[in-house]
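Comments concern the structure below.
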Amino acid sequence: MNRIGLLGIGIALFVTSSVVADQPVMHVSTPDANPNRTVIVVEPQTTRAIQGISEVERKRYFNLCDPGTGFEQRVKDDAMYDYLVKELGVSFGRRLGVVKHPAMSLREDPDRPGFPDITPLKTAKVDKPSQRMLEDFGPNLNVAAHGHHNAFPEYMGRFETKDSVSDPKHAQFLPQNIEAAALLSAAVLRFDFNDFDRPKFYEPVNEPHWSFPKTQHLADWHLETMRMVHRATPGVKVGGPCLPVCYFYRGDYKSFDGLKGFIERTDAQLDFYSFHTYDYLRWRDGEFKGRIQSGLPLEGTLDLVQNYTVNAFGKEVDIVISEQGGYIGSDPKGEYDGEYVAAEILAERYPDADPESWDYELKKRSIVSFGHVSSIVANTLTFLEHPHCVQKTVPFLLPNTWSWGPKYYAQLYVAKDYVDETQWVESDMTMYFKLFRGVAGRRVKALCSDPDLQTRAFVDGSKLFLAINNQSFQPESVDLRGIKSDQVVLRRFGRNPDFTCSYAEETIATPTSLALAGRETVVIVADSGQPIEPNRMVNEVVCYGDKVTQSVQDATFVVGVPQDKPIDYAQLRIGLTRSPESIRTPVVRFNGEVIDVALEDSAERFLDREYATTKLIPLDPAKVKAENTISVSFPDGNDGAVGSVVIRAAVVESLSAGSWSKSAVAPDRSKTAGS
């Protein structure tokens, strides 16, 4: 695809990567100027806020799927602890189970039938954290916790639906006695934890049966739990419904009805709302395709939730993602997700190899790891763009899963030959943390006109971090502007010709051009040697359309944008879905004028049962009005629907605003909602 860059092209070093014999090799050349190549322009001294938030909190994003409690016992030794914590910078993210095990030891209160006798909890001994853990992770681990299915005692009664009872995989029930269940959650959170490991976020049940979010019972249970938990432990936030999927675009956005209905039944009053996001990868036509929720589709998903709540309730709501990633589906799947598919790929490429060898097994796991880590990368880079609502995200990456089964796919370490626990072998899942280690500080301005390339930039002290993720199967070439250092560390995460993971780091002269392979991610680390001080600040104000989930036939929206400050740049964001065989490039009229819309190369990845994406369209700031009319149509008819239409307007702010917080500078919702 040819695209016009933002500021023109210069001639400089051209750095590309290829893989030969499973090893990345760097090439340097000097190309002719190409006016059609994408340009990425970085301004390290321009602080970039989103809804007033500029600082990156690592604990929100770069987490193990581990509660932190007992972590020192789960690592092999101090060297492994230091590697994960000190070098890779992991935090903790998720606890499965809160009430199930304590409830097993609690009797029914004889003086109050249907309620637990919580007396033993009040005297239970809770282990204190080590001094090392306190020093490394602060006063609280900031973990999201969700409950097991069917975890509440039978004496609280069973709330069921006909669908949850007859589910062939696992029959589920909720506690019928809402008050008793809320009391139990509040008591366990109060007495069974210390201030260090007490969850920051609590979802009463993990991935409830699909029929439950349609009921008022689930909503009332969450509301009562929040009320009691706030009274017992004010620092714990309660939310849900912890949906297993977020492909709200399915069925022309009819799949959004589940979360939408739950929000309505809770009157948007929960501390947060939650769902999981996984790519469901399928091996088709010699490539990993399937239903993709990460990257561009996820941008529209997050926009949709906020657009809806701003319109319906006059406010944005917080979001928690207590699981995220991507896994390979096949039937049968093998002993772990993707095992048979990986074996099929390797058998074709290495027909003479020993499929029973340990090296062969690690190659299979590496294929599975790329699918999972690449989805996590795309999700993380999306979440980083939504700090005003996304409060916690947890990659489904576990230190080890011996208790779940030694072969489980999502672990950082496996026992050698799956039996020798004295030798833990590092899996390629750690590449996620290697790639993003050290990323912190403040967001800075970095513009890219190519929707395939997720582009994010951050400054921490003297270091600039520039992350670029190619969502497409196609290679992409970019010119780089604004990196002011003589040399950089270039980190590359990609895949080899046999679909195993590839990771490389190299210190090179600062490139002004870069080539990314298909599905490759790079992180450039440029250290200027002295603190990079901001001299300018822009704040991306998120402005929402006046309606959501409209059929293409009725896809006209009004978006209000504040005009009290100069706009540095602006972006139109259109979440949409269509049938896979339909035309994918919409005709977009902005205030009556047809504007260019690039068809992303990655569109072919977003075609499973539907085409679902978010069109990210640069706008001319001079043409953005106080009230903007946007219409979306297609030349081949009215198939499909538009989920949300949002404008992000980057307004120029005074540096005297200092370190911004959400409460300090979040704009007035009445000014940014289309209505």
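The model shown is predicted, which means the values in this text are computed figures rather than measured ones.
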Within 45° of the six-membered ring axis of Tyr336 and under 6.0 Å from that ring's centre, is NZ or CZ of Arg365 located there? yes
Is there a side-chain contact between Phe383 and Leu298, using heavy atoms and a 4.5 Å cut-off? yes
Residues which pass side chain to side chain donor-acceptor pair (under 3.5 Å) with Ser164, listed by chain and number, not counting sequence neighbours: Thr161
Counting only heavy atoms not in Asp195 (residues, nucleotides, ligands), do more than 12 fall under 6.0 Å from its CG? no
Glu339 with Lys333: basic N within carboxylate O range, under 4.0 Å: no
Do Tyr249 and Gln293 make a side-chain contact, defined as non-hydrogen atoms from C-beta onward lying under 4.5 Å apart? yes
Asp337 and Ile328, any side-chain heavy atoms less than 4.5 Å apart: no
What do the steps show when you test Phe71 against Val85 for side chain to side chain contact (heavy atoms under 4.5 Å, CB included), and what is the final call? CA-CA 11 Å; Phe71 175 70; Val85 175; 3.9 Å; yes
Which residue, Phe288, Phe493, Tyr503, forms the ring-ring contact (aromatic ring centres under 6.0 Å, His included) with Phe370? Phe493
Go through the steps for Leu270 and Val317 under the test side chain to side chain contact (heavy atoms under 4.5 Å, CB included), then give the verdict. CA-CA 9 Å; Leu270 292 181; Val317 293; over 6 Å; no
If you compare all heavy atoms of Ile345 against all heavy atoms of Asp498, which two are closest, and at what distance to 0.1 Å? CG2-O, 3.7 Å
Does the salt bridge (Lys or Arg N to Asp or Glu O under 4.0 Å) test come out yes or no for Arg291 and Glu610, once each step is laid out? CA-CA 9 Å; Arg291 175 168 267 153; Glu610 61 278 307; 2.8 Å; yes
Do Ile319 and Phe272 have side chains that get closer than 4.5 Å, going by heavy atoms? no
Here's one to test your reading of the geometry: is the NZ or CZ of Arg132 within 45 degrees of the ring axis of Tyr81 and under 6.0 Å from its centre? yes
Would Arg443 count as a cation-pi partner of Phe458, with NZ or CZ less than 6.0 Å from the six-membered ring centre and within 45° of the ring normal? no
Criterion side-chain hydrogen bond (donor to acceptor under 3.5 Å, both in side chains) against Ser322, the qualifying member of Glu207, His276, Arg95: His276
Gap between atom CZ of Arg74 and atom OG1 of Thr69 - 0.5 Å precision: 7.5 Å
Could you walk me through whether Arg437 and Glu505 pass the salt bridge (Lys or Arg N to Asp or Glu O under 4.0 Å) test, one step at a time? CA-CA 12 Å; Arg437 72 185 187 278; Glu505 288 194 25; 2.5 Å; yes
What closest approach, in Å, do Lys59 and Ser91 show between heavy atoms, and which atom pair accounts for it? CG-OG, 3.7 Å
Least distance between heavy atoms, Ala517 atom then Glu520 atom: N-OE1, 2.8 Å
Test side chain to side chain donor-acceptor pair (under 3.5 Å) on Asp163 and Ser211; report intermediate values, then the result. CA-CA 7 Å; Asp163 295 303; Ser211 63; 5.0 Å; no
Quick test of your reading of the model: are Asp428 and Lys434 salt-bridged, counting only N-O distances below 4.0 Å? no
Among Arg284, Arg282, Arg250, which residue meets the salt bridge (charged side-chain N to carboxylate O under 4.0 Å, His left out) test with Asp608? Arg284
Identify, with sequence neighbours excluded, every residue that meets side chain to side chain donor-acceptor pair (under 3.5 Å) alongside Arg94. His146, Glu323
Quick check: closest heavy atoms across Pro399 and Cys65, and the distance to 0.1 Å? CD-O, 4.4 Å
Measure up the Trp221 and Phe152 rings against each other and bin them: parallel (under 30°), tilted (30 to 60°), perpendicular (over 60°). perpendicular
Shortest non-hydrogen contact between Tyr432 and Val373, atoms and distance: CB-CG1, 3.9 Å
Other residues, nucleotides, ligands: >12 heavy atoms within 6.0 Å of Lys289 NZ: yes
Quick one: are Ser502 and Arg495 in side-chain contact, heavy atoms under 4.5 Å? no
Does the plane of the ring in His101 sit parallel, tilted or perpendicular to the ring in His148? Use 30° and 60° as the thresholds. perpendicular
Would you say Leu106 and Pro120 make side-chain contact, with heavy atoms under 4.5 Å? yes
Between Arg492 and Thr521, is there a side-chain heavy-atom distance shorter than 4.5 Å? no
Is the closest side-chain donor-acceptor distance between Arg519 and Ser374 under 3.5 Å? yes
For residues Asp359 and Ser357, is any side-chain donor paired with an opposing acceptor at under 3.5 Å? no
Would you say the side-chain atoms of Lys128 and Asn194 include a donor-acceptor pair closer than 3.5 Å? no
Closest heavy-atom pair and its distance - Phe191, Val126: O-CG2, 3.2 Å
Flag side-chain contact, heavy atom, 4.5 Å: Asp271 against Phe201: no
Is it the case that the side chains of Tyr413 and Ser427 hold a donor-acceptor pair, with the cut-off being a distance below 3.5 Å and no angle test? no
Can you sort out the partners of His149 under ring pair (Phe, Tyr, Trp, His ring centres under 6.0 Å), two or more places apart, ordered by chain and number? His170
